[in-house]
Amino acid sequence: MFRLWGKLFKDGRLLQDMVYEDGSASLSRTQKVFAGLRQLCLSFDLQEPLWLDANIREFQQRDKTRFHQDNFIEQIEFDYLEIHVIEEDNTL
């Protein structure tokens, strides 16, 4: 099972969170991350953020990253969106 945890923060406080789960063996890890981010954004009623080089590096190193205002085209009402892989498939 692959699980991605998404959290919205404002002023150091957790506003909203959700865990995306995917048990599909046919998708790659990258596809699961993008599908999870897409689902989190739908649930939070957000546009999908842009992946900047810093986000890619941070995610590759720590399996988590934060998306700030610079990652969004529209104005956001929170400080950042954090995503974190909390469970990996055993088959990877």
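Position 1 is the first residue of the sequence; numbering continues from there.
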K.L.:
Check whether any side-chain heavy atom of F2 lies under 4.5 Å from a side-chain heavy atom of L27, and answer yes or no.
P.N.:
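No, too far: nothing below the 4.5 Å cut-off.
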
K.L.:
Is there side-chain contact between F72 and L50, with at least one heavy-atom pair below 4.5 Å?
P.N.:
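The answer is no; the side chains never approach within 4.5 Å.
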
K.L.:
Under 3.5 Å, is there a donor-acceptor pair between the side chain of D11 and the main chain of R13?
P.N.:
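Not confirmed, D11 side chain does not pair with R13 backbone.
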
K.L.:
May I ask you to check whether over 12 heavy atoms, not counting those of L42, lie within 6.0 Å of atom CG?
P.N.:
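Check passes, neighbour count above 12.
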
K.L.:
I'd like to know if the side chain of K64 and the backbone of W5 have a donor-acceptor N/O pair within less than 3.5 Å.
P.N.:
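Not at all, since once roles are kept as given, no pair shorter than 3.5 Å links the two residues.
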
K.L.:
Quick check for you: to the nearest 0.5 Å, what is the distance between L8 atom CG and D17 atom CG?
P.N.:
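CG of D17 is found 9.0 Å from CG of L8.
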
K.L.:
Taking the side chain as every heavy atom from C-beta outward, state whether E48 and R38 have any atom pair closer than 4.5 Å.
P.N.:
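Side-chain contact under 4.5 Å: yes.
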
K.L.:
How far does CD1 of I86 sit from CD of E21, to the nearest 0.5 angstrom?
P.N.:
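CD of E21 is found 8.0 Å from CD1 of I86.
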
K.L.:
Hey, does I83 have a side-chain heavy atom less than 4.5 Å from the side chain of F67?
P.N.:
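Side-chain contact under 4.5 Å: yes.
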
K.L.:
If every non-hydrogen atom of S43 is compared with every non-hydrogen atom of Q16, which pair is closest and at what distance?
P.N.:
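Between these two residues, the closest heavy atoms are O-NE2, 4.3 Å.
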
K.L.:
Whether R29 and E88 form a salt bridge (side-chain N of Lys/Arg under 4.0 Å from carboxylate O of Asp/Glu) is what I want to check.
P.N.:
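Salt bridge between E88 and R29, a charged N being under 4.0 Å from a carboxylate O: yes.
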
K.L.:
Does a side-chain heavy-atom distance below 4.5 Å link I76 with N71?
P.N.:
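With C-beta onward as the side chain, the pair stays apart.
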
K.L.:
Once you round to the nearest 0.5 Å, how far does CG of L14 lie from CD of E82?
P.N.:
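Answer for the CG-CD pair, L14 versus E82, is 9.5 Å.
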
K.L.:
Distance-only, no hydrogens or angles: does the Q69 side chain make a donor-acceptor pair with backbone N or O of E74 under 3.5 Å?
P.N.:
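Between the backbone of E74 and the side chain of Q69 there is a qualifying donor-acceptor contact (under 3.5 Å).
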
K.L.:
To the nearest 0.5 Å, how far apart are CZ in F44 and CG in L37?
P.N.:
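So the CZ of F44 and the CG of L37 are separated by 10.0 Å.
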
K.L.:
Ignoring hydrogens, what is the shortest heavy-atom contact between D79 and G12? Give both atom names and the distance.
P.N.:
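Shortest heavy-atom separation between D79 and G12 comes out as OD2-N, 4.2 Å.
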
K.L.:
Looking only at atom types and distance, does a side-chain atom of D22 sit under 3.5 Å from a main-chain N or O of R3, one as donor and one as acceptor?
P.N.:
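Flag not set: sc D22 to bb R3 has no pair under 3.5 Å.
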
K.L.:
Between L81 and P49, what is the shortest heavy-atom contact and its length?
P.N.:
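So the two residues come closest at CD2-CG, 4.4 Å.
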
K.L.:
Of the non-hydrogen atoms in L15 and K10, which two are nearest, and what is the gap between them?
P.N.:
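It is CD1-CB, 3.6 Å.
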
K.L.:
Once you round to the nearest 0.5 Å, how far does CD of Q61 lie from CD1 of I56?
P.N.:
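Q61 CD to I56 CD1: 12.0 Å, rounded to 0.5 Å.
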
K.L.:
Nearest 0.5 Å, what's the CG-CD distance between D45 and E77?
P.N.:
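Output value for this atom pair is 11.5 Å.
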
K.L.:
Taking all heavy atoms of Y20 and all of A35, pick out the closest pair and write down the distance.
P.N.:
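Taking every non-hydrogen atom into account, OH-CB, 3.6 Å.
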
K.L.:
State, without any angle test, whether S28 and T30 hold a side-chain donor-acceptor pair at a distance under 3.5 Å.
P.N.:
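Per modelled atom types, S28 and T30 side chains form no pair under 3.5 Å.
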
K.L.:
Are any non-hydrogen side-chain atoms of Q39 and M18 less than 4.5 angstrom apart?
P.N.:
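Q39 reaches M18 side chain to side chain.
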
K.L.:
Locate the shortest heavy-atom distance separating Q31 from S26; write the atom from each residue and the value.
P.N.:
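Here Q31 and S26 meet closest at OE1-O, 4.3 Å.
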
K.L.:
Name the orientation class of the two ring planes belonging to W51 and F59 (parallel below 30°, tilted from 30 to 60°, perpendicular beyond 60°).
P.N.:
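Answer is perpendicular, since the angle exceeds 60°.
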
